[in-house]
Amino acid sequence: MKIGFYQFTPVFGNIQVNLDKILSALQDAQADLIVLPELPFTGYLFADRTELAGLAEDPRASATVKALVELCQRQGFQLVTGFAEKAGDKIFNSALLLGPSGVVNVYRKLHLFDREKLYFDPGDLPLRVNPVAGAKIGMMICFDWIFPETCRVLALEGAEIICHPSNLVL
């Protein structure tokens with residue numbers, strides 16, 4: 001299995017510039033799985049929940065997700081990416097597993113860090129493992145690593161690889 005990652009500094013609040021940068025960087029990538037950072041499209045340090053709400057997207061109706069799925073179709077890989085997810089009146093710091101067929105799985109960050117608690121809602125979905133290219137992958141986001149239970153649950157669910165989008169702000 002060939003795994004890659006793309007790490008960069010997002011332009012805060014400019015989803016299209018960040019998406020274009022990712023699409024350009026990965027246009028010739030050859031891998032089974034690629035992992036992007038936490039919140040790579042929006043950036044990370046929001047002033048308040050209102051600012052975040054203006055940037056968050058519903059993955060089912062997102063031009064960003066559509067473009068990433070098309071990239072997965074062209075390149076034949078799966079992609080794990082951070083995503084500011086709007087779901088009804090809630091906003092989650094999420095990770096999406098995307099593939100040629102669309103959204104495969106959504107993970108919503110369980111352990112919010114510092115000021116994230118002021119503008120994100122805590123995750124409300126169970127940890128799940130998904131098959132990718134013959135391996136079983138799980139997802140967690142940044143601060144989740146400090147709680148061993150997150151990795152333990154994924155391991156008990158059969159995860160062989162844990163994808164961990166992060167945006168270290170310290």
If hydrophobic clusters are built from ILVMFWY residues whose side chains come within less than 4.5 Å, do [X] and [Y] share one?
| X | Y | value |
| --- | --- | --- |
| F92 | V104 | no |
| L112 | L45 | yes |
| V17 | L52 | no |
| F77 | I22 | yes |
| F8 | V11 | no |

For a quick test of reading the model, state the closest non-hydrogen atom pair linking [X] to [Y] and the distance between them.
| X | Y | result |
| --- | --- | --- |
| L55 | G13 | CD2-O, 3.6 Å |
| I34 | A29 | CD1-CB, 3.7 Å |
| A135 | I161 | CB-CD1, 3.9 Å |
| A67 | L19 | CB-CD2, 3.9 Å |
| I141 | S94 | CD1-C, 3.3 Å |
| V80 | P165 | CG1-CG, 3.8 Å |

Next item on the list: Please indicate whether E70 has more than 12 foreign heavy atoms, meaning atoms of other residues, nucleotides or ligands, lying under 6.0 Å from its CD.
Entry: yes

Item checked: Test: R115 and D48 ion pair at under 4.0 Å -> no

Item checked: D144 with K109: basic N within carboxylate O range, under 4.0 Å -> no

How far does [atom1] of [X] sit from [atom2] of [Y], to the nearest 0.5 angstrom?
| X | Y | atom1 | atom2 | answer |
| --- | --- | --- | --- | --- |
| L79 | L71 | CG | CG | 7.0 Å |
| R152 | L156 | CZ | CG | 5.0 Å |
| L36 | L26 | CG | CG | 6.0 Å |
| I146 | M140 | CD1 | CE | 10.5 Å |
| D121 | K86 | CG | NZ | 12.0 Å |
| N93 | R108 | CG | CZ | 11.5 Å |

Given 3.5 Å as the limit, does a donor-acceptor pair link the side chain of [X] with the main chain of [Y], or not?
| X | Y | answer |
| --- | --- | --- |
| N130 | I137 | no |
| E38 | N167 | yes |
| E160 | K136 | yes |

Margin query: Can a side-chain donor-acceptor contact be found between Q78 and D32 if the only test is distance below 3.5 angstrom?
Written below: no

Note to self: I'd like to know if the side chain of Y107 pairs up with that of E85 as donor and acceptor (distance under 3.5 Å, no hydrogens or angles considered).
What the structure shows: no

Item checked: CA sep, side-chain torsions, deciding dist, call: L118, R49, side chain to side chain contact (heavy atoms under 4.5 Å, CB included) -> CA-CA 7 Å; L118 301 176; R49 187 173 172 98; over 6 Å; no

Validation row: [X], [Y] side chains within 4.5 angstrom (heavy atoms):
| X | Y | answer |
| --- | --- | --- |
| L97 | V132 | yes |
| E57 | V65 | no |
| Q16 | N14 | yes |
| I162 | C151 | yes |
| F120 | K90 | no |
| L154 | E157 | no |
| L110 | L127 | yes |
| V35 | C163 | yes |

Margin query: Can you confirm if the aromatic rings of H111 and F147 lie within a centre distance of less than 6.0 Å?
Written below: yes

Margin query: Are F12 and F46, when compared by the centres of their aromatic rings, separated by less than 6.0 Å?
Written below: yes

Check: Mind checking whether F83 and F41 have parallel, tilted or perpendicular rings, split at 30° and 60°?
Finding: perpendicular

Margin query: Determine whether Q27 and L23 satisfy the following criterion, side chain to side chain contact (heavy atoms under 4.5 Å, CB included), listing intermediate values before the conclusion.
Written below: CA-CA 6 Å; Q27 69 182 345; L23 294 174; over 6 Å; no

Margin query: H164 vs F5, test: side chain to side chain contact (heavy atoms under 4.5 Å, CB included). Steps then yes/no.
Written below: CA-CA 10 Å; H164 184 219; F5 65 93; over 6 Å; no

